[in-house]
Amino acid sequence: MEQRKKIIISIDGWSSCGKSTLAKQLAKELDYVYIDSGAMYRAITLFFLRNHIDWTKQKAVDDALKNIVLEFVYNAKSKQSEIHLNEENVEYVIRDLVIAEKVSDVAAIKAVREFAVAQQQLMGKKKAIVMDGRDIGTVVFPKAALKIFMTADNSVRVERRFKELFEKNPNITLEEVRNNLEMRDYIDSHREISPLRKADDAIVLDNSNLTMKQQFDIALKWAKEKISD
Ligand code: DC
């Protein structure tokens, strides 16, 4: 049987522009593994908050990281791999706004990034992976065969995120969601280590005016071109 070439696909971009939706669809279609790198930073943040870790202190961070084991475990019910923190499924709790408010600060810490990036690179060893995040095409897999940089208008992103969070928490306001997105985008793109930026060889996908199907068709075409290169 013909062996298809396996590649690494990186999807970076601003918060809430649909990176994970696209990454999941691509992984499913290509029979690749999907890795949500943001979930790792969120799970670390959850651990820090629960254990009252003062992450401004380097020693406290180093010690805490020694007690963190992250794993992606496939859940047959939800048909997706979900993140486990020290054997606890935290896939859903990490989506809370409480985590979103702190995660950019935690993700800016050097030791935290080294901890997460080393594991992400191991997961990409066998290729056949779609990983989304902020520094995947620039730092984690600078040689990824296909790099997508996603973007969308601010108002579109705020609206999408609001709808998603409102379903779980009807008390949430549009203003809170907008403030959080703006704050995260600012911190993620201005931090010293691995700030969010488009890799020089990444292709921009602006989905402000695209349906999910349209954006999927575009990205799948790019992926197939790279696979058959
Ligand atoms: O993709 P997300 O919103 O779940 O990511 C949560 C936070 O983690 C985001 O604000 C920035 C950070 N992050 C990062 O710094 N690097 C990544 N590769 C992925 C996420």
Side-chain angles (χ1 to χ4, degrees), residues 8-24 27 33-49 55 61 65 68 70 72 80-83 85 90-124 129-142 144 147-152 154 156-158 160-165 168 176-199 202 205 207:
I8 292 180
I9 301 175
S10 65
I11 305 184
D12 290 303
W14 305 99
S15 292
S16 299
C17 56
K19 298 184 297 294
S20 66
T21 305
L22 177 64
K24 277 180 204 165
V33 174
Y34 162 61
I35 300 291
D36 172 0
S37 70
M40 299 174 75
Y41 294 100
R42 287 172 179 265
I44 296 168
T45 305
L46 175 67
F47 183 93
F48 283 7
L49 287 173
W55 59 75
V61 169
L65 289 173
I68 296 180
L70 300 177
F72 286 93
Q80 60 175 15
S81 59
E82 297 178 342
I83 192 157
L85 164 64
V90 294
E91 178 68 32
Y92 301 95
V93 267
I94 58 166
R95 309 291 160 194
D96 206 278
L97 199 56
V98 178
I99 302 294
E101 272 166 4
K102 301 290 177 206
V103 65
S104 287
D105 289 333
V106 171
I109 302 167
K110 187 165 178 268
V112 168
R113 298 209 72 81
E114 285 170 356
F115 176 85
V117 169
Q119 295 181 39
Q120 290 155 8
Q121 288 174 334
L122 270 182
M123 294 174 202
I129 190 172
V130 185
M131 191 178 289
D132 73 337
R134 305 293 186 290
D135 62 339
I136 311 304
T138 51
V139 174
V140 182
F141 299 123
K147 300 181 184 177
I148 300 176
F149 188 85
M150 282 181 73
T151 179
N154 266 23
V156 173
R157 296 192 291 128
V158 171
R160 284 183 192 150
R161 191 62 168 184
F162 175 70
K163 272 194 196 143
E164 206 178 289
L165 290 172
K168 290 178 225 151
E176 273 177 301
V177 175
R178 179 177 303 113
N179 289 342
N180 179 256
L181 272 196
E182 284 174 359
M183 178 198 73
R184 283 205 290 147
D185 285 347
Y186 184 85
I187 302 176
D188 295 343
S189 56
H190 286 79
R191 68 180 173 224
E192 208 175 306
I193 313 155
S194 324
L196 167 67
R197 69 169 183 83
K198 180 185 122 19
L205 180 56
N207 67 10

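Residue numbers run from 1 in the order of the sequence given. Not measured: the values here are computed from a predicted model. Numbering of ligands and ligand atoms starts at 1, following listing order.
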task: Could you list which atoms of ligand 1 come closer than 4.0 Å to a heavy atom of Gly133?
output: 17 (C), 18 (N), 19 (C)
message: With a sphere of 6.0 Å drawn around NZ of Lys110, does it hold more than 12 non-hydrogen atoms of other residues, nucleotides or ligands?
response: no
message: When you compare ligand 1 with Arg191, is there at least one nitrogen or oxygen pair between them that comes in under 3.5 angstrom?
response: yes
- prompt: If we only count heavy atoms from C-beta on, is the Asn154 to Glu182 side-chain gap below 4.5 Å?
  reply: yes
- request: Below 4.0 angstrom from a heavy atom of Tyr41, which ligand 1 atoms are there? Numbered from 1 as shown, please.
  value: 8 (O), 13 (N), 14 (C), 16 (N), 17 (C), 18 (N), 19 (C), 20 (C)
field: Selected option - heavy-atom contact closest to atom 19 (C) of ligand 1, from Ser37, Ala108, Ala116
entry: Ser37
- prompt: Which atoms of ligand 1 have any heavy atom of Ser104 under 4.0 Å away?
  reply: 10 (O)
query: Is it the case that more than 12 heavy atoms not belonging to Lys102 sit under 6.0 Å from its NZ atom?
result: no
task: Do me a favour and list the nearest non-hydrogen protein atom to atom 20 (C) of ligand 1 with residue, atom name and distance?
output: Gly38 CA, 3.5 Å
message: Using a 4.0 Å cutoff against the non-hydrogen atoms of Asp135, which atoms of ligand 1 qualify?
response: 16 (N), 17 (C), 18 (N)
- prompt: Does Glu164 pair with Arg160 as a salt bridge, N-O distance under 4.0 Å?
  reply: no
message: Using a 3.5 Å cut-off on N or O atoms only, is Arg42 in polar contact with ligand 1?
response: yes
message: Within the 4.0 Å heavy-atom shell around Ile136, which atoms of ligand 1 are there?
response: 18 (N)
Protein contact of atom 12 (C) of ligand 1 - nearest heavy atom, named by residue and atom, plus distance: Ala107 CB, 3.7 Å
message: Is there a polar contact, in the sense of an N or O pair closer than 3.5 Å, between Lys19 and ligand 1?
response: no
task: Answer yes or no for Arg113: is there a heavy-atom contact with ligand 1 below 4.0 Å?
output: yes
message: A side-chain contact here means heavy atoms from C-beta on lying under 4.5 Å apart; do Trp14 and Phe149 qualify?
response: yes
task: Start with the C-alpha distance between Asp185 and Arg161, add both sets of side-chain angles, then the distance that settles salt bridge (Lys or Arg N to Asp or Glu O under 4.0 Å), and finish with yes or no.
output: CA-CA 14 Å; Asp185 285 347; Arg161 191 62 168 184; over 6 Å; no
- prompt: What residue and heavy atom of the protein are closest to atom 10 (O) of ligand 1, and at what distance?
  reply: Asp188 OD2, 2.9 Å
query: Which residue and non-hydrogen atom of the protein lie closest to atom 3 (O) of ligand 1, and at what distance in Å?
result: Arg184 NH1, 2.8 Å
message: Which heavy atom of Pro195 sits nearest to which heavy atom of Arg191, and what is that distance?
response: CB-O, 3.4 Å
task: May I ask you to identify the nearest protein heavy atom to atom 2 (P) of ligand 1, giving residue, atom name and distance to one decimal place in Å?
output: Arg134 NH2, 3.6 Å
